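The block underneath contains the structure these notes are about, expressed in structure tokens.
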Protein chains: 2
Amino acid sequence: MEKFVQIKEKLSNAGLKATHPRMVVFNELMNSKDHPSAEHIHDRIKTDYPSISLGSVYRILDVLVDVKLVQRVSVRSGYKRYDANMEPHGHIYCLKTDAIQDFYDSELYDLINDFFRKKKLKNFKVKEIKLQVVGEKVDPEVDVTII
Amino acid sequence: MEKFVQIKEKLSNAGLKATHPRMVVFNELMNSKDHPSAEHIHDRIKTDYPSISLGSVYRILDVLVDVKLVQRVSVRSGYKRYDANMEPHGHIYCLKTDAIQDFYDSELYDLINDFFRKKKLKNFKVKEIKLQVVGEKVDPEVDVTII
DNA sequence: GTACGTGCAAATTGTTTGCACTATC
DNA sequence: GATAGTGCAAACAATTTGCACGTAC
């Protein structure tokens, strides 16, 4: 699996065995920008790797989340969705299509971080600040863009 | 059910029949500040109203969300949680205890709203902006406070 | 009285787990 | 070769649904 060299390294660095199923799942998630669920990922990879089981996909996603190579995105939908992008960013969630799109804006992130640097939360250790913009795409086929 | 007069009115105004189960569920949620799940609510009200079924609690919460008397809060947990507070506010989520606490700060909300007034999202109609502060309580027994 | 809501139980959906086997280190 | 990971199927948990009965308007 020559094409998985970087992925292999990431897994090893995280202290995980670089197994074939893990590389395939992680690779698929890194190449997806639509924040798929475990079932989505399973569907997509089983063409190339038919023997992979859904249970393993669930287990693999759990360990990837544990070692912080991947994060979960929580939205209204009744299932968990995943994101291999670990840079600080927000999510745009479309109620109509259930689509989740990444949203970057360092200016806004600075604003929010500055805020939490001034106002402190007592009795709480902040790990992460999640920002979700909920609404509806006008044209469901097209991505949202920022002007 | 004299104590439910205001609730009765809210339901009627929303175009819903003011049934006993609906009033009991809505009342319970309004008196909870811990963002309970359907099962939590069912457990809490069945002392006073033993005949109520869990299925009905689910259905009632769904219609209350539909008419915007109640909102869903999405966090990591594997179940849906509800909030009868419809004022704009954020949520503090504790990874250790699974507790959700409301978080008000008009200054921060102004900041974020100003931001989205300037930078527009193309092809997207924003309905709501959700802010979630994820982390861990130091003392799990005590609420988080803002300084 | 009628249309909508409810209780109950069964069905569905998403996720987790136990166990025998396999592959990585 | 030891240990941790996988496939498979069964178990579980949260939520939804069909249907006969009940209740608000």
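Since we're looking at a predicted model, the values are computed, not measured. Naming: A, B, ... by sequence-line order, numbering from 1 per chain.
When each of D/dA4, D/dT6, C/dT15 is scored by its nearest atom to the side-chain atoms of A/Lys17, the top-ranked nucleotide is D/dA4. Of the listed nucleotides (D/dT15, C/dT6, D/dG7), C/dT6 has the atom at the smallest distance from the side chain of B/Ser56. Distance from the side chain of A/Glu39 is smallest to C/dG14 among D/dT16, C/dT6, C/dG14. For A/Tyr79, the listed nucleotide lying nearest its side chain is C/dT15; candidates were D/dG7, C/dT15, C/dT6. Considering only the side chain of A/Ala18, C/dC25 comes nearest among C/dT16, C/dC25, C/dG7. Looking at the side chain of A/Leu54, the nearest of the listed nucleotides D/dG7, D/dT16, C/dT15 is C/dT15.
The residue among A/Pro50 and B/Lys80 whose nearest nucleotide of DNA chain D is located toward the 5' end is A/Pro50.
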- Message: salt bridge (charged side-chain N to carboxylate O under 4.0 Å, His left out), that's the test. Do B/Arg59 and B/Asp62 meet it? Break it down for me.
- Response: CA-CA 5 Å; B/Arg59 271 184 294 218; B/Asp62 282 348; over 6 Å; no
- Message: Go through it in stages, so that I can follow the logic: the residues are A/Gln71 and A/Tyr82, the test is side-chain contact (heavy atoms from CB on, under 4.5 Å), and I'd like the CA-CA distance, side-chain angles, deciding distance and then a yes or no.
- Response: CA-CA 6 Å; A/Gln71 65 172 130; A/Tyr82 296 87; over 6 Å; no
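Using cut-offs of 30° and 60° on the angle between ring planes, the pair A/His40 and A/Tyr79 is perpendicular. Using cut-offs of 30° and 60° for the angle between ring planes, the A/Tyr49 and A/His20 rings count as parallel.
Rounded to whole Å, the distance from CG on B/Asp66 to P on D/dT16 is 11 Å. One interatomic measurement links the two molecules: CD of A/Glu9 to P of C/dC25, which rounds to 13 Å at whole-angstrom precision. If you take CD1 of B/Ile45 and P of C/dT6, they are 11 Å apart, rounded to a whole angstrom. Look at NE2 on A/His42: it is 14 Å from C1' on D/dA9, rounded to the nearest Å. The distance from atom CZ of B/Arg59 to atom P of D/dC19 is 13 Å, rounded to the nearest whole Å. In this structure, A/Arg72 places its CZ atom 16 Å from P of C/dG14, rounding to the nearest Å. In this structure, OH of B/Tyr58 is placed 13 Å from C1' of C/dT12, rounded to the nearest angstrom. Summarising the geometry, the separation between CD1 on A/Ile41 and C1' on C/dG14 is reported as 14 Å, rounded to the nearest angstrom.
The shortest distance between the side-chain N/O atoms of B/Arg22 and the OP1/OP2 oxygens of C/dG5 is below 4.0 Å. Note on A/Thr19: a side-chain N or O is less than 4.0 Å away from OP1 or OP2 of D/dT6.
Both B/Met23 and B/Leu64 belong to a common hydrophobic cluster when Ile, Leu, Val, Met, Phe, Trp and Tyr are linked at side-chain heavy-atom distances under 4.5 angstrom.
Comparing the end axes of the helix from C/dG1-D/dC25 to C/dC25-D/dG1, each fitted to five base pairs by superposing C1' atoms of four pairs onto the next four, gives an inter-axis angle of 40° (nearest 10 degrees).
Atom-to-atom distance recorded for A/Glu107:CD and A/Ile112:CD1 is 11.0 Å, nearest 0.5 angstrom.
Backbone-only engagement by B/Tyr49 is indicated by non-hydrogen atom pairs under 4.0 Å involving sugar-phosphate atoms exclusively. Nucleic acid contact class of A/Ser51 (heavy atoms, under 4.0 Å, all strands): sugar-phosphate only.
Counting only distance, with no hydrogens or angles, the side chain of A/Asn123 and the backbone of B/Asp139 share a donor-acceptor pair below 3.5 Å.
Taking 4.5 Å as the limit, some side-chain heavy atom of B/Asp102 sits within range of a side-chain heavy atom of B/His91.
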